[in-house]
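Chain letters run A, B, ... following the sequence lines, proteins first and then strands; every chain starts at 1. Not measured: the values here are computed from a predicted model.
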2 protein chains.
Amino acid sequence: MSSGVDTDAAPVRFDAFSAECPSRRLLDTIGDKWASLTIVALGLNGRLRFSELAARIEGVSQKMLTQTLRNLERDGLLTRTVTPSVPVRVDYELTPLGASLLGPISHLKAWAEEHMPAVDEARAAYDRSRS
Amino acid sequence: MSSGVDTDAAPVRFDAFSAECPSRRLLDTIGDKWASLTIVALGLNGRLRFSELAARIEGVSQKMLTQTLRNLERDGLLTRTVTPSVPVRVDYELTPLGASLLGPISHLKAWAEEHMPAVDEARAAYDRSRS
DNA sequence: CAGGATCCTCTATGATACTG
DNA sequence: CAGTATCATAGAGGATCCTG
């Protein structure tokens, strides 16, 4: 907020603590409950219709799916293609930019699969300790 | 939940779409507004007191910081050390498990620094297009 | 200093109903 | 089918006051 110097110069005084920081904003995006799932779904399938996405991402409401898709489209992470057939048909597909996110996401996935059991143990131990 | 087969065998029917999926739960953790900042702060400084964390993570309320720290402690990502001096002193430090998260996070950071400008452009273009 | 307890206010999100 | 619009609500999160 104070300055626009966000380049990445400061080594210790990390400015990720500002909401302007790109890292922060990325977390705001993929940290979203449905966004990452949508990206992964499209990453696995290549191209899906609205209803197909709704079916795969179980639990998502139509409103949230629409909103999530709009946001991702706005961010240039996916494209929305409307086919004006009788019942309208809309397809969603990752852009190269969106697909490039699959890398970092897979790192998270790898960490999760490797370490979440430890987290679960820690959590159980913690809860146990305070009865 | 059904099985532990999450390895990455299933190509289409990914079970990350269940809230039980470790990937989902990890995102719930680090996607949290303050958790990732806290982890990064401790990653950079090694060990910080409550007040030091509060100072670095600008904008965080005392309530949220406390809550975030408790959650991370419960998950085994950091340790809380109380020194019963006159005014109590409490230090927080990443556990090896918590420190191992710095890797995946740095990948996100790298992606963000490299691609967020493109996202900003896309966003601007999108907003421009719909006046 | 650290943090517990409260109160209060938005915001995110779900449910529902309607439409091109 | 793929949304948009509206209503309602739980809960996140901030502000404030209090204490070991």
### Task
Would you kindly give the CD-to-P distance between B:Glu58 and D:dG14, to the nearest whole Å?
14 Å

### Task
Look at B:Glu113 together with B:Lys109 and state whether they make a salt bridge at an N to O cut-off of under 4.0 Å.
yes

### Task
Respond yes when some side-chain nitrogen or oxygen of B:Tyr92 is under 4.0 Å from OP1 or OP2 of C:dG3, and no when none is.
yes

### Query
Are A:Arg123 and A:Asp127 within salt-bridge range, i.e. N to O under 4.0 Å?
no

### Query
Taking only N and O in the side chain of B:Arg80, is any of them less than 4.0 Å away from OP1 or OP2 of C:dG3?
yes

### Message
Please report the distance, rounded to the nearest Å, between CZ in A:Phe50 and P in D:dA2.
### Response
7 Å

### Sequence-aligned protein contact record of nucleotides 11-20 of chain C, with B where the base is within under 4.0 Å of a protein heavy atom and S where only the sugar-phosphate is
--BBB-B--B

### Message
Expressed as a whole number of angstroms, how long is the span from B:Leu65:CG to C:dG3:P?
### Response
8 Å

### Message
Just N and O in the side chain of B:Arg70: are any of them under 4.0 Å from OP1 or OP2 of C:dG3?
### Response
yes

### Message
Does a side-chain N or O of A:Arg49 approach OP1 or OP2 of D:dA2 to a distance below 4.0 Å, or not?
### Response
yes

### Query
For A:Arg89 and D:dC1, what is the distance between atoms CZ and P respectively, to the nearest whole Å?
12 Å

### Query
Picking from A:Thr81, A:Leu94, A:Leu42, what satisfies side chain to side chain contact (heavy atoms under 4.5 Å, CB included) with A:Arg47?
A:Thr81

### Side chains of A:Arg25 and B:Asp120 in contact at under 4.5 Å (non-hydrogen atoms)
yes

### Task
Can you tell me the distance, in whole Å, between the CG atom of A:Asp91 and the C1' atom of D:dA2?
12 Å

### Query
Could you give the angle between the helix axes at the two ends of the helix from C:dC1-D:dG20 to C:dG20-D:dC1, with five pairs per end, rounded to 10 degrees?
50°

### Message
At less than 4.0 Å, is any side-chain N or O atom of A:Ser51 found next to OP1 or OP2 of D:dC1? Yes or no.
### Response
no

### Query
Between atom CG in A:Asp28 and atom P in D:dG13, what is the gap in whole Å?
11 Å

### Task
Applying side chain to side chain contact (heavy atoms under 4.5 Å, CB included), run through B:Phe50 and B:Arg89 and close with a yes or a no.
CA-CA 8 Å; B:Phe50 185 89; B:Arg89 174 195 178 104; over 6 Å; no

#### Entry: Mutual orientation of the aromatic rings belonging to A:His107 and B:His107 [parallel < 30°, tilted 30-60°, perpendicular > 60°]
parallel

